[in-house]
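Scroll down for the structure; my scribbles are underneath it.
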Amino acid sequence: MSIVTRFAPSPTGHLHIGGARTAIFSWAYARKNGGKFVLRVEDTDQTRSDASMTQGILDSMAWLGLDYDGEAVYQSQRFDAHNAAVDKMLETGHAYYCTCTPDEVEAMREKARAEGRKPKYDGCCREKGLGPCEGAVVRLKAPLMGTTVFEDLVKGHIAVDNAELDDMILRRSDGTPTYNLAVVVDDHDMGITHVIRGDDHVNNTPKQVLIYQALGWDVPKFAHVPMILGPDKKKLSKRHGATSVMEYQKDGYLPEALVNYLVRLGWSHGDQEIFTKDELFEVFDIVNLGTSPSVLSPEKLNWLNQHYIKESSVERLVGLLPEFLEEAGASNVDTSLLAKIIPELQARAVTLKDMAEKALFFFVDAFPIDEKPTNKLLKQDHAVIDERLNDLAEIFGDIDDFDKESLEGAFHRYMDKHSLKFKDLGAPVRLSLSGQGGGIGLFDMMELLGKDKVVTRLKGWKATLIKE
RNA sequence: GUCCCCAUCGUCUAGCCUGGUCCAGGACACCUGCCUUUCACGCAGGCGACAGGGGUUCAAAUCCCCUUGGGGACGCCA
C-alpha cells in the first residue's frame, strides 16, 4: 500500500511551530516510505481566513523546505463534495434535519453540565423526520449505544462510549459543511492513508470514525502527536515568545536548525541529535514518537542553530547576513569584507541576528558598547589609558603593511617596553575598537578594520567609551 | 463538571511492548579543568531522574491497580 499523508492547516494565523512539527512528521513519514505528502488548506471559515495568511503558511513551509506533492487543495472549493456526502447520509438514514436553535442547544448543554454529564445536544429532532427548511441544520444520527474504537499509531487503543458523543452538526443552516464532515470527506477523496495531527484532535477522531462508518468508507490510520508546551507547561501561545515559524526566521534561525529541533521534540532515534534531511528520510518512523507532551527549550534550539551556522558555507552566510546587519543599523554592506569576517564569527554566534550584532562595529562607527567590561576598564586611571592608546595609535599609524603579523609584533614590543601584560593593553584596545569585551582575535580584528579606523578609534576612545 | 490522554535528570530523551545485561545511557543547560591574547569553539570530567503507594514475581524504570500531578477536548471554530 502506498502511503499518503497530509498537512491541513487552517489559514487563521501564521504557521505555528506546533503545526510545523506535525507537518514535518507527516512529510518525513511520507518521504521515508516513498509515499506522498499533500497539502490541504482548511479555509472554510470565511470570516477568519484570508489569502495573506494562506500565503504566509506557504512561505513558511517553503522556507522550512517542506515540499508537498501536487497542487494544494483548498477546502472551500470542495463544498459540492461535502454536500454530496451529507445528502448520501440523509438518504441512507444516517443523518437528519434539526430545527433547534443555537440558544435551545446551549440550554441543553447547560442542563447536562448541571447534571454532571458531558454537555451535548439531546437528540430532540432525531426521530421527527423533518425535511429541509429554512434555518435547519443536518445532524449525524450517531449510535446511542456501544463503543467507538480506533488504534492510534502513537497512543494505541482508544475507546470512547458512544453515549459520550453528540449527534454532531454536519451541515450548517447556511448550507456550509462543518469541520469534522469536511475533514472526513477530504481525507477520503484525497486518498489519505495516515492522518498525523496534534493531540488536540484525539477527541475529534471518534466523531470522524462515526462519519466514516455512516458513509461506508474505510477508516485511515491515525497518529496523534503530543502537544508542545511552553516552559510553564501550558499549551503554547503567544505569551511564550516566538511561536510562529516566521518569527524564528526573523530572529536569525536557520531552517534546518528549526526542523532538526522540532523533529527531535517528541521523536527520537536512539542517541542521535543531528539529522540531515536525507537521514530523516532514512530513519523516521512513527513508532519512535513519544507519548507525552514536550516543553520547548530555546537553549537547545540555540545549540542546534549554532551548530548549523558553523556548518554553513561562507557564501551562504554572506547572502543571508546583510538583511540582519541592515536591521541592526548598517547600510551598503561591503560583502567582500563580510566574507572575511564571517569565518571568524561562525563559532561565536548563536543566531544570524547575533552574528550581525557582533559584526556591526565593522560597518558603522556608532556601535553599541558593552557596559560591564567598559565600566571595569574605566575604573583605571584615564590618563594612563589615554597615553597608552595614543601611543599605540601613533605606532600603528606608522605601519605600512597593516597585517596581523606586523600589528602583533608592534603590540608586543610596546607591551614589553612598558612591562605590561597582554590583558592590560588588549582590553582597552578591544573596547575602543569594537565596544565589546570579547570576540574575534585582536589582530585579525585590526587588520580587517583597516588602519584608518583603528587609528581614529584608538584616539577617540574617550568619546566612544565614556557616556554623557 | 464530564470524557480522552500522559507521567525517567531543570529540559529533550534512550530503556518499557519481549521483567534480570540499568545502584538507569545520551543531548541541551549548569559547574570544573585543559586549550587559549579576549570571547567563543573544541576536548576531558562533574552535578542531576525512574511522581507516590500498593500488588504480581526469585527479580520491576519495565506488568497490574489506586492516588497525586499534568495536558487536551466537550461550538452552526478549525
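Numbered from 1 within each chain, the chains take letters A, B, ... in sequence-line order.
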Does any donor-acceptor pair link the side chain of [X] with the base of [N] at a separation under 3.5 Å?
| X | N | value |
| --- | --- | --- |
| E273(A) | rG26(B) | yes |
| R348(A) | rC39(B) | yes |
| S297(A) | rC28(B) | no |

Whole-Å gap separating [atom2] ([N]) and [atom1] ([X]):
| X | N | atom1 | atom2 | value |
| --- | --- | --- | --- | --- |
| Q208(A) | rA73(B) | CD | C1' | 13 Å |
| R197(A) | rC77(B) | CZ | C1' | 15 Å |
| D370(A) | rA40(B) | CG | C1' | 14 Å |
| D354(A) | rC41(B) | CG | P | 12 Å |
| Y261(A) | rC12(B) | OH | P | 8 Å |
| E408(A) | rU38(B) | CD | P | 12 Å |
| Y74(A) | rA78(B) | OH | P | 18 Å |
| F411(A) | rU37(B) | CZ | P | 12 Å |

Tell me what [X] touches on the nucleic acid: a base, only sugar-phosphate, or nothing, going by heavy atoms under 4.0 Å.
| X | answer |
| --- | --- |
| H224(A) | nothing |
| G198(A) | nothing |
| R171(A) | nothing |
| T44(A) | sugar-phosphate |
| V137(A) | base |
| N204(A) | base |
| I169(A) | base |
| C98(A) | nothing |
| K423(A) | nothing |
| L425(A) | nothing |

Using a cut-off of under 3.5 Å, enumerate the N/O to N/O pairs linking the protein to nucleotides 14-17 of chain B.
residue : atom : partner : partner atom : Å
rA14(B) : OP1  : S268(A) : OG           : 3.0

Identity of whatever pairs with [N] - Watson-Crick or G-U, under 3.5 angstrom:
| N | result |
| --- | --- |
| rU68(B) | rA7(B) |
| rC30(B) | rG46(B) |
| rA14(B) | none |
| rU2(B) | rA73(B) |
| rU36(B) | none |
| rU56(B) | none |

Rounding to the closest angstrom, what is the interatomic distance between [N] and [M] at atom [atom1]?
| N | M | atom1 | result |
| --- | --- | --- | --- |
| rU68(B) | rG45(B) | C1' | 38 Å |
| rC64(B) | rU57(B) | P | 16 Å |
| rU67(B) | rC30(B) | C1' | 34 Å |
| rC4(B) | rC65(B) | P | 14 Å |
| rG20(B) | rG72(B) | C1' | 37 Å |
| rC16(B) | rA61(B) | P | 14 Å |
| rC50(B) | rC22(B) | C1' | 10 Å |
| rA14(B) | rC9(B) | P | 12 Å |

Take atom [atom1] of [X] as the centre, draw a 6.0 Å sphere, and report whether it contains more than 12 heavy atoms from other residues, nucleotides or ligands.
| X | atom1 | value |
| --- | --- | --- |
| K120(A) | NZ | yes |
| E151(A) | CD | yes |
| K404(A) | NZ | no |

Would you say [X] and [Y] make side-chain contact, with heavy atoms under 4.5 Å?
| X | Y | answer |
| --- | --- | --- |
| V185(A) | H188(A) | no |
| D186(A) | V73(A) | no |
| F275(A) | H269(A) | yes |
| V219(A) | F150(A) | no |
| E311(A) | I274(A) | no |

Of all the nucleotides listed ([options]), which has the minimum atom distance to the side chain of [X]?
| X | options | result |
| --- | --- | --- |
| E299(A) | rU37(B), rA29(B), rA40(B) | rA29(B) |
| K300(A) | rG71(B), rC28(B), rC41(B) | rC28(B) |
| R264(A) | rG26(B), rA40(B), rG72(B) | rG26(B) |
| D200(A) | rC28(B), rG72(B), rC76(B) | rG72(B) |
| R430(A) | rA29(B), rC12(B), rU38(B) | rU38(B) |
| S294(A) | rC12(B), rA27(B), rU37(B) | rC12(B) |

Does G437(A) or A8(A) map to a spot on RNA chain B nearer the 5' end, using the closest nucleotide for each?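 Of the two residues, G437(A) wins.
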RNA chain B: T99(A) or G266(A), which has the more 5' nearest nucleotide?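 The answer here is G266(A).
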Establish, with yes or no, whether the OP1 or OP2 oxygen of rA78(B) is under 4.0 angstrom from a side-chain nitrogen or oxygen of R40(A).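 False: R40(A) side-chain N/O out of range (4.0 Å or more) of rA78(B) OP1/OP2.
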Lys/Arg N to Asp/Glu carboxylate O, [X] vs [Y], below 4.0 Å:
| X | Y | answer |
| --- | --- | --- |
| R316(A) | E256(A) | yes |
| D166(A) | K207(A) | no |
| K111(A) | D122(A) | no |
| K32(A) | D285(A) | no |

Minimum heavy-atom separation for K88(A) and L215(A), please, with both atom names.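 Residues K88(A) and L215(A), closest heavy atoms: NZ-O, 3.1 Å.
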Anything under 30° is parallel, anything over 60° is perpendicular, the rest tilted; go ahead and classify Y414(A) against H418(A).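 Tilted.
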Nucleotide N/O of nucleotides 2-6 of chain B paired with protein N/O under 3.5 Å:
residue : atom : partner : partner atom : Å
rU2(B)  : O4'  : G116(A) : O            : 3.4
rC3(B)  : O4'  : E164(A) : OE1          : 3.4
rC5(B)  : O2'  : K155(A) : NZ           : 2.8
rC6(B)  : O3'  : T291(A) : OG1          : 3.3

